[in-house]
Amino acid sequence: ANMLSIPFKYRETAEAVGLMSMGCTGTHIGNGLVISAGHCFDAAKIAKYRSSCDGIQVFWGVRTGKQPTSVSNCRQVLVLEQNNQKDYALFKVDVPPSASVRIKTQGRPNFGTRVTIFSHPFKQPLAWSGFCDITRALSYGLNSNMIHHTCDTNPGSSGAAIIDATTLEVVGIHDGGVAQGRTGANYGTYIDFTYIPAVLQRLGYK
């Protein structure tokens, strides 16, 4: 409830994570801009710019036994896309939270980079996945262009930011996982493999 189980270093990061009304997770990257997964908006296989998102809300500060600290309305999806190599969305909200997470717009982390994820699985209060590593492409039919990671997630974690545990920068967006017997793998989209950096540049994002 008071995030005492989260290392102090990550508490402001956690405040930038919100529960989306359709059951996904969104992360505020500043200037009222939020990232999530494209499939949360039923994105098409080809990137689409400036689409409507009427009725979608983001609830911030959802903690155990507490009411949200604030609520934002989605004003416009600036870009979104979903195919077998990427799955992401960038959208604009009104009344964003004061907390935000910086996004890494150039380059991607090396294999073995330690990352962390905060999300709202099953529309529940904020959950922390602890630490995990970005791994090389595994089997399970996953595309080698996507991030493969070992963080624990559940349905509703879709769209959560994959955050470099050292720099606190967003390096990717969590999209889902696959199970095979008693094992499986999680996957996400590298930020630099999307049109998000180009849109942010046009907006003068710094």
Side-chain angles (χ1 to χ4, degrees), residues 13 17 20 22-29 33-51 77-91 101-119 121 129-181 183-203 205:
T13 297
V17 179
M20 298 172 65
M22 82 286 280
C24 287
T25 298
T27 304
H28 181 228
I29 61 170
L33 301 170
V34 181
I35 57 170
S36 190
H39 72 258
C40 298
F41 295 89
D42 297 321
K45 293 181 179 180
I46 299 175
K48 182 179 180 181
Y49 297 88
R50 299 191 180 279
S51 55
V77 180
L78 302 179
V79 63
L80 73 170
E81 184 177 8
Q82 180 195 3
N83 51 53
N84 66 351
Q85 298 187 67
K86 56 189 77 174
D87 181 356
Y88 66 92
L90 172 68
F91 61 100
V101 183
R102 299 304 300 173
I103 191 168
K104 184 178 178 65
T105 57
Q106 295 182 335
R108 59 181 59 178
N110 297 322
F111 294 127
T113 296
R114 176 144 289 196
V115 293
T116 190
I117 291 177
F118 295 92
S119 67
S129 295
F131 302 108
C132 63
D133 299 320
I134 293 178
T135 65
R136 289 188 179 276
L138 304 173
S139 53
Y140 313 108
L142 296 176
N143 192 289
S144 61
N145 286 321
M146 302 192 83
I147 293 176
H148 295 240
H149 66 83
T150 56
C151 284
D152 289 331
T153 57
N154 275 304
S157 297
S158 292
I162 302 174
I163 299 168
D164 186 309
T166 300
T167 67
L168 303 187
E169 291 181 308
V170 179
V171 297
I173 296 171
H174 171 71
D175 298 317
V178 292
Q180 190 174 83
T183 62
N186 285 338
Y187 58 91
T189 301
Y190 287 106
I191 295 297
D192 81 337
F193 198 50
T194 73
Y195 290 111
I196 290 175
V199 173
L200 293 179
Q201 184 177 29
R202 288 199 296 269
L203 294 174
Y205 176 87

Shortest non-hydrogen pair, L80 vs A89, comes out as CB-CB, 4.0 Å
CG/D192 to OG1/T105 distance, rounded to the nearest 0.5 angstrom?
9.0 Å
Of the non-hydrogen atoms in D133 and G112, which two are nearest, and what is the gap between them?
OD1-O, 3.7 Å
Is there a side-chain contact between F41 and K48 in this structure, where contact means two heavy atoms from C-beta onward sitting under 4.5 Å apart?
no
Side chains of V101 and V17: does their closest heavy-atom pair fall under 4.5 Å?
no
Would you say the side chains of Y195 and E81 form a donor-acceptor pair under 3.5 Å?
no
I'd like to check Q106 versus P197 (side-chain heavy atoms, cut-off strictly below 4.5 Å). Are they in contact?
no
Please report the closest heavy-atom contact between F118 and A160, naming both atoms and the distance.
O-CB, 3.5 Å
Any donor-acceptor pair under 3.5 Å linking the side chain of T116 with the backbone of G130?
yes
Do the side chains of I103 and Y205 get nearer than 4.5 Å, heavy atoms only?
yes
Compare all side-chain heavy atoms of I134 with those of Y190 and state whether any distance is below 4.5 angstrom.
yes
Verdict with reasoning, L90 to V77, per side-chain contact (heavy atoms from CB on, under 4.5 Å):
CA-CA 6 Å; L90 172 68; V77 180; over 6 Å; no
Of the non-hydrogen atoms in A37 and D175, which two are nearest, and what is the gap between them?
CB-OD1, 3.8 Å
Test side chain to side chain contact (heavy atoms under 4.5 Å, CB included) applied to Q85 - qualifying residues, sequence neighbours left out
N83, N143, N145, F193
Once you round to the nearest 0.5 Å, how far does CE of M22 lie from CG of D42?
8.5 Å
Spacing of OH belonging to Y88 relative to SG belonging to C40, to within rounding of 0.5 Å
14.5 Å
Between D87 and T189, is the side-chain hydrogen bond (donor to acceptor under 3.5 Å, both in side chains) condition met? List the steps.
CA-CA 6 Å; D87 181 356; T189 301; 6.0 Å; no
May I ask you to test the T166-T113 pair for a side-chain heavy-atom distance under 4.5 Å?
no
Interatomic distance, R114 atom CZ to T167 atom OG1 [nearest 0.5 angstrom]
14.0 Å
Note, T150 side chain near N186 side chain (heavy atom, < 4.5 Å)
no
With rounding to the nearest 0.5 Å, note down the distance linking SG in C132 to CD1 in I162.
8.0 Å
State, yes or no, whether a side-chain contact exists between R108 and V171 at a heavy-atom distance under 4.5 Å.
no
For H149, check ring pair (Phe, Tyr, Trp, His ring centres under 6.0 Å) against everything at least two apart and list the hits.
H174
I would like to know whether V34 and I29 meet side-chain contact (heavy atoms from CB on, under 4.5 Å); could you show each step before the answer?
CA-CA 6 Å; V34 181; I29 61 170; over 6 Å; no
Nearest 0.5 angstrom please: I35 CD1 to T27 OG1, how far?
5.0 Å
Under 3.5 Å: donor-acceptor pair, side chain of S36, backbone of T25:
yes
Counting only heavy atoms not in D152, do more than 12 fall under 6.0 Å of its CG?
no
Of all the heavy-atom pairs spanning T194 and I196, show the shortest one and how long it is.
OG1-N, 3.0 Å
Measure from the side-chain N and O atoms of T135 to the backbone N and O of H148, and report whether any donor-acceptor pair falls under 3.5 Å.
yes
Closest heavy-atom contact between S158 and H39?
OG-NE2, 3.1 Å
